[in-house]
Amino acid sequence: MNSYENTGDIGNEYVYRQPDGETTLTTEHLKADLRIVEQSAYRAVMESVLRWDIPAGADELFELEKRQMVPFTERKAQRVKNTVPLVITTTYTLEAGSNMVKVKSDFNNQAKDHRLRALFPSGLVTEDHYADSIFEIAKRSNTPAKEWVNPSNAQHQQAFVHVTDGDHGLMIANKGLNEYEILQHAEGSTIAVTLLRASSELGDWGVFETPEAQSLGPQRVEYAIIPFAGDAAQSGACASAYVYPIPWTTVQLGALARTFEREGHAGADGQKVELPLSKQWLAWNAQSSTLAFSTLKIAEETGDLIARWYNLNSEPVELNVQTGFECASVYESDVLERVKDTLQGQSQTVSGYKIVTQGYALR
């Protein structure tokens, strides 16, 4: 799992196209240098270094075909024989109590006109897969429709993509890696996540060179491997994937304590400040883990606090919100932040696949 694949790309920024007859390169049988970076009760970190040589770019015919505006489906260009080094340094992190392996890969791209992907064979024979989309988890067929004319079946994802046979599943979460493809083999489906596309033209509109789209220089990509059992949402895999890209925010305790003193929260001796060991500013309890959190923001016109969730499942679920701050009222809102019905308390039934928005009037 997590072998790397490299192919030529004689398409454009819109559409990938592998040269005809090209042999796909992979690191599957390449020996890596391995070392343990950290091993403690909290986490283990392993580093893998792969030293690879890949073709430097497409041949001269590719430049001629672009200037002559040959459609990408009809191009005959190939990759050159000379190679450039590609060293991929990957760290695998497993934290105590975590349901995922975090992956971080660094490399310096010096090749042009190519695509680099990470491959995750699932061992699961499936006809469909699921990808995080806008306010939903979209179910998509592994086989493209007969009307599909692109030379590959690359699709778009938001936070994650996964395959499942109903009992077992494999999910790949990502940080900004929005292209994937499901490859089908007799032994099961493989999730292929695009890490880098080095392209040289915009495409479709004439001859528009895009040299910066070759993505030359140091690169870093991050993603996570999440195996799960049963349903992806019910197992908590979806919730983990949504949380994964969000970094921790820290506050220096000393500064916070001084704020408490200025606001009159000092202890009886005037110096000691009692801060809680834990405090949650906004919490919600749902009957199931199928409720995905989407948004927390200040309303554009009223200054109220806006929070939004959406139901990943067809079954209704009860949402019960607890606020760690004082608010004058709680109301149902919408994506336009309009005030709808006032809520009795902060509990609300969320029907299947519904987007629900709550507003909290702070004054």
- Any chance you could lay out the side chain to side chain contact (heavy atoms under 4.5 Å, CB included) test for Leu312 and Tyr353, step after step, and finish with the verdict? CA-CA 6 Å; Leu312 298 172; Tyr353 303 118; over 6 Å; no

- Residues in side-chain contact (heavy atoms from CB on, under 4.5 Å) with Val335, at least two apart? Arg308

Could you go through residues 83-97 and list every donor-acceptor pair under 3.5 Å that involves a side-chain atom there, pairing it with any protein atom two or more places apart or in another chain?
unit_1	atom_1	unit_2	atom_2	d
Thr90	OG1	Tyr4	OH	2.7
Thr90	OG1	Ser105	OG	3.1
Tyr92	OH	Asn2	ND2	2.7
Glu95	OE1	Lys102	NZ	3.4
Glu95	OE2	Lys102	NZ	3.4

- Task: Please determine if Arg115 and Asp9 form a salt bridge, counting it only when a charged side-chain N lies under 4.0 Å from a carboxylate O.
- Result: no

- Item | Among Asn174, Asp132, Ile172, the one residue meeting side-chain contact (heavy atoms from CB on, under 4.5 Å) with Gln157 | Asn174

- Item | Heavy-atom closest pair, residues Gly11 and Ser199 | O-OG, 4.4 Å

- Message: Taking salt bridge (charged side-chain N to carboxylate O under 4.0 Å, His left out) as the definition, give me every residue that meets it alongside Arg338, ordered by chain and number, with sequence neighbours left out.
- Response: Asp334

- Task: Would you please name every residue forming a side-chain contact (heavy atoms from CB on, under 4.5 Å) with Ala154, sequence neighbours left out?
- Result: Ser152, Glu179

- Task: Begin with the C-alpha distance, continue with both residues' side-chain angles, and end with the deciding distance and a verdict on side chain to side chain contact (heavy atoms under 4.5 Å, CB included) for Phe107 and Leu116.
- Result: CA-CA 11 Å; Phe107 54 91; Leu116 181 67; 3.8 Å; yes

- Taking only residues two or more places apart in sequence or in another chain, which ones pass salt bridge (charged side-chain N to carboxylate O under 4.0 Å, His left out) with Lys297? Glu300, Glu337

- Message: Do Ile10 and Phe72 make a side-chain contact, defined as non-hydrogen atoms from C-beta onward lying under 4.5 Å apart?
- Response: no

- Beyond-backbone contact of Tyr360 with Thr323, side-chain heavy atoms, under 4.5 angstrom: yes

- Note on the structure: So ring-ring contact (aromatic ring centres under 6.0 Å, His included) across residues 163-183, not counting sequence neighbours, yields His129-Tyr180

- Message: Going by the rule salt bridge (charged side-chain N to carboxylate O under 4.0 Å, His left out), which residues pair with Glu332 if we only count those two or more places apart in sequence or in a different chain?
- Response: Lys354

- State, with a plain yes or no, whether a side-chain heavy atom of Val163 is found less than 4.5 Å away from one of Tyr130. no

- Exercise: do Glu318 and Thr349 side chains pair donor with acceptor under 3.5 Å: yes

- Using the salt bridge (charged side-chain N to carboxylate O under 4.0 Å, His left out) rule, take Lys112 and Glu63 through it: C-alpha gap first, then chi angles, then the decisive distance, then the call. CA-CA 12 Å; Lys112 298 180 179 181; Glu63 296 301 322; over 6 Å; no

- Who passes ring pair (Phe, Tyr, Trp, His ring centres under 6.0 Å) against Phe293, sequence neighbours left out? Trp284, Trp309

- Query: Quick one: do the Asn150 and Tyr16 side chains pair a donor with an acceptor below 3.5 Å?
  - Reply: no

- Message: With ring-ring contact (aromatic ring centres under 6.0 Å, His included) as the rule and sequence neighbours excluded, what pairs involving residues 215-251 come up?
- Response: Phe120-Tyr223, Phe160-Tyr242, His162-Phe228

Under 3.5 Å, sequence neighbours excluded: what are the donor-acceptor pairs made by side chains of residues 184-191?
unit_1	atom_1	unit_2	atom_2	d
Gln184	NE2	Thr143	OG1	3.2
Ser189	OG	Thr126	OG1	2.9

- Message: Whether Arg79 and Glu22 form a salt bridge (side-chain N of Lys/Arg under 4.0 Å from carboxylate O of Asp/Glu) is what I want to check.
- Response: yes

- Message: Salt bridge or not between Glu5 and Arg117? Use side-chain N to carboxylate O under 4.0 Å.
- Response: yes

- Residues in salt bridge (charged side-chain N to carboxylate O under 4.0 Å, His left out) with Arg35, at least two apart? Glu47

- Item | Short side-chain donor-acceptor distance under 3.5 Å, Gln155 and Asn153 | yes

- Item | Closest approach of Asn108 to Pro218 (non-hydrogen atoms, all atoms of both residues) | OD1-N, 3.7 Å

- Considering residues at least two apart in sequence or located in another chain, which fulfil the side-chain contact (heavy atoms from CB on, under 4.5 Å) criterion with Asp59? Leu61, Phe62, Ala77, Gln78, Val80

